[in-house]
Amino acid sequence: MPELPEVEHIARSLNKVLSGQTIRAARLLRDRLAPHTTRAAFAMQLKNARINFVHRRGKHILFDLDNGRTLLTHLRMTGNFSVFGPDSADPKFTHAIFFLGEESRLVFDDQRHFGLMKILKTAELYDSPELKKLAPEPFSDDFSVEYVHRTVQGSKKRIKELLLDQTKFCGLGNIYAAEALFLSSIGPRTISNKLSKPKAIRLREAAQQILREAIEESEALEADPANLEETYSSRAGWRVYDREGEACSVCNGPIKRIKQGGRSTFYCPRCQK
DNA sequence: ACCCTCACCTGCACGC
DNA sequence: TGCGTGCAGGTGAGGG
């Protein structure tokens with residue numbers, strides 16, 4: 001159920017453990033995890049592939065392989081990777097297993113079954129429907145003041161919903177979108193193209209700050225490859241998210257919860273205009 | 001274009 | 001205790 005910082009943390013941790021390792025065998029246990037292929041093709045295309053490195057684009061985790069292919073994965077809400085030794089049992093909702101050396105395996109489990117995997121030719125990776133339309137990475141040069149200003153000017157959506165649109169802003173999810181709006185004092189229901197340029201600049205900086213904070217926090221922790229999600233699921237202390245009725249850390253007023261696009265938005269009505 | 005609802009799944013916290 | 005309801009950090013489709 002991760003957003004960009006958690007995906008970043010998982011990708012970095014997996015890269016440390018997996019780069020240079022070879023997938024001896026891959027087993028797909030739930031067909032709908034990888035709807036564009038079959039169990040047999042999945043196994044064949046990954047067999048004896050060496051993992052060059054693991055990286056990330058948006059919320060996708062990418063396994064770059066030495067056979068010209070890349071395994072593209074998305075955790076959605078509850079997808080989870082773990083690296084296990086022979087003594088650990090597979091989790092209840094295990095949907096794919098990648099056997100590495102004699103002693104270890106990479107396991108993908110997913111309670112809610114929303115996660116996705118796809119095997120792509122590496123040369124065509126960034127032309128794939130999954131990645132092609134993604135917005136620039138929030139820490140890239142392309143995510144400029146001009147880009148953000150132009151993007152908000154071009155939309156009549158409410159800003160909270162625009163932040164969740166991965167083709168406009170990538171990496172933010174329901175928590176960090178709310179947090180970034182709070183940090184930039186912008187009301188979640190503001191119509192995007194009504195934002196002044198200074199506000200757009202503040203929003204860009206707030207989004208970067210929120211993401212950077214979370215990445216640095218997870219960096220500081222020693223990741224356990226058998227329990228990568230623990231490092232972020234233990235996180236608390238949001239500024240507004242999940243704090244309905246609690247006091248705003250700035251003005252002491254009560255934090256409010258509203259529904260936008262079927263999802264909860266938390267904000268401080270006094271601070272966010 | 002935009003907004004809403006539903007769908008994909010399971011599990012947990014809540015109120016009665 | 002059980003059972004119903006609504007909620008969950010994501011995303012896409014379909015309809016008004």
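Basis for what follows: all heavy atoms, side chains included, without hydrogens, waters or symmetry-related copies. In this text, all values refer to a predicted model and were calculated from it rather than measured experimentally. Numbered from 1 within each chain, the chains take letters A, B, ... in sequence-line order.
Using bins of under 30°, 30° to 60° and over 60° for the plane-to-plane angle, the ring pair A/Trp238/A/Tyr176 lands in the perpendicular bin.
No hydrogens or angles considered: a donor-acceptor pair under 3.5 Å links the side chains of A/Asn80 and A/Asp109. Side-chain contact, A/Gln260 with A/Thr265: a donor N or O sits under 3.5 Å from an acceptor N or O. A side-chain donor from one of A/Gln209 and A/Glu213 sits under 3.5 Å from a side-chain acceptor of the other. In this model, a donor atom of one side chain and an acceptor atom of the other lie less than 3.5 Å apart for A/Asn174 and A/Lys160.
Residue pairs meeting the ring-ring contact (aromatic ring centres under 6.0 Å, His included) criterion with at least one partner in residues 177-198 of chain A, sequence neighbours excluded, are absent.
Salt-bridge check for A/Glu146 with A/Lys197: passed, with a basic side-chain N closer than 4.0 Å to an acidic carboxylate O.
Both A/Ser155 and A/His113 lie near DNA chain B, and the one whose nearest nucleotide falls closer to the 5' end is A/Ser155. Nearer the 5' end of DNA chain B, as judged by each residue's closest nucleotide, is the contact made by A/Gly154, out of A/Gly154 and A/Gly262.
Between the P atom of B/dC9 and the CG atom of A/Leu116 lies a distance of 12 Å, rounded to the nearest Å. Between A/Glu229 atom CD and C/dA8 atom P there is a gap of 18 Å when expressed in whole angstrom units. Distance NE2 (A/His95) to C1' (B/dC8): 12 Å, rounded to an integer number of Å. Atoms CD (A/Gln153) and P (B/dA1) sit 16 Å apart, rounded to a whole Å. Here the P atom of nucleotide C/dG10 and the CZ atom of A/Phe169 are 16 Å apart, to the nearest Å. Summarising the geometry, the separation between CD on A/Glu161 and P on B/dC2 is reported as 10 Å, rounded to the nearest angstrom. If you measure from atom CD of A/Gln260 to atom P of B/dC3, you get 9 Å, rounded to the nearest angstrom. Whole-Å rounding puts the A/Asn174 CG to C/dG10 P distance at 6 Å.
With C/dT11, C/dA8, B/dG11 as the candidates, the nucleotide lying closest to the side chain of A/Lys59 is C/dT11. The side chain of A/Met77 approaches C/dA8 more closely than any other nucleotide in the set B/dC2, C/dA8, B/dC9. Here B/dC2 is the nucleotide among B/dT10, B/dC2, B/dC3 with the atom lying nearest to any side-chain atom of A/Lys156. The side chain of A/Gln166 approaches C/dT11 more closely than any other nucleotide in the set C/dT11, C/dC7, B/dC4. You'll find that the side chain of A/Phe114 is closest to B/dC9, out of B/dC4, B/dC9, C/dT11.
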* Represent DNA chain B in dot-bracket notation, 5' to 3'. Only Watson-Crick or G-U wobble pairs with both distances under 3.5 Å count; pseudoknot-style crossings use [ ] and interstrand partners use |. => .|||||||.|||||||
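Taking the C1' atoms as reference points, C/dG6 lies 16 Å from B/dT5, given to the whole Å. Here, C/dG10 and B/dA1 have their P atoms 24 Å apart, quoted to the whole Å. If you take atom P in B/dA7 and the same atom in C/dT5, they sit 15 Å apart, rounded to whole Å.
Residue A/Arg263 places none of its side-chain N or O atoms closer than 4.0 Å to OP1 or OP2 of C/dA8. Contact annotation: A/Arg158 side-chain N/O to B/dC3 OP1/OP2 distance is under 4.0 Å. A sub-4.0 Å separation between OP1 or OP2 of B/dC9 and a side-chain N or O of A/Arg32 is present. Close to C/dG10, at under 4.0 Å from its OP1 or OP2, lies no side-chain N or O of A/His74. One finds a side-chain N or O of A/Ser264 lying less than 4.0 angstrom from the OP1 or OP2 phosphate oxygen of C/dA8.
Here the closest non-hydrogen pair linking A/Ser155 and A/Ser192 is O-CB, 3.3 Å. For the residue pair A/Ile61 and A/Val54, the shortest heavy atom distance occurs at CG2-CG1, 3.8 Å.
Among the atoms of the strands shown, none is found under 4.0 Å from any heavy atom of A/Thr78. Backbone-only engagement by A/Arg257 is indicated by non-hydrogen atom pairs under 4.0 Å involving sugar-phosphate atoms exclusively. When heavy atoms are screened at a 4.0 angstrom cut-off, A/Gln111 is found touching base atoms of the nucleic acid.
For C/dA8, the base has a donor-acceptor partner in the side chain of A/Arg112 [N/O atoms by modelled type, under 3.5 angstrom].
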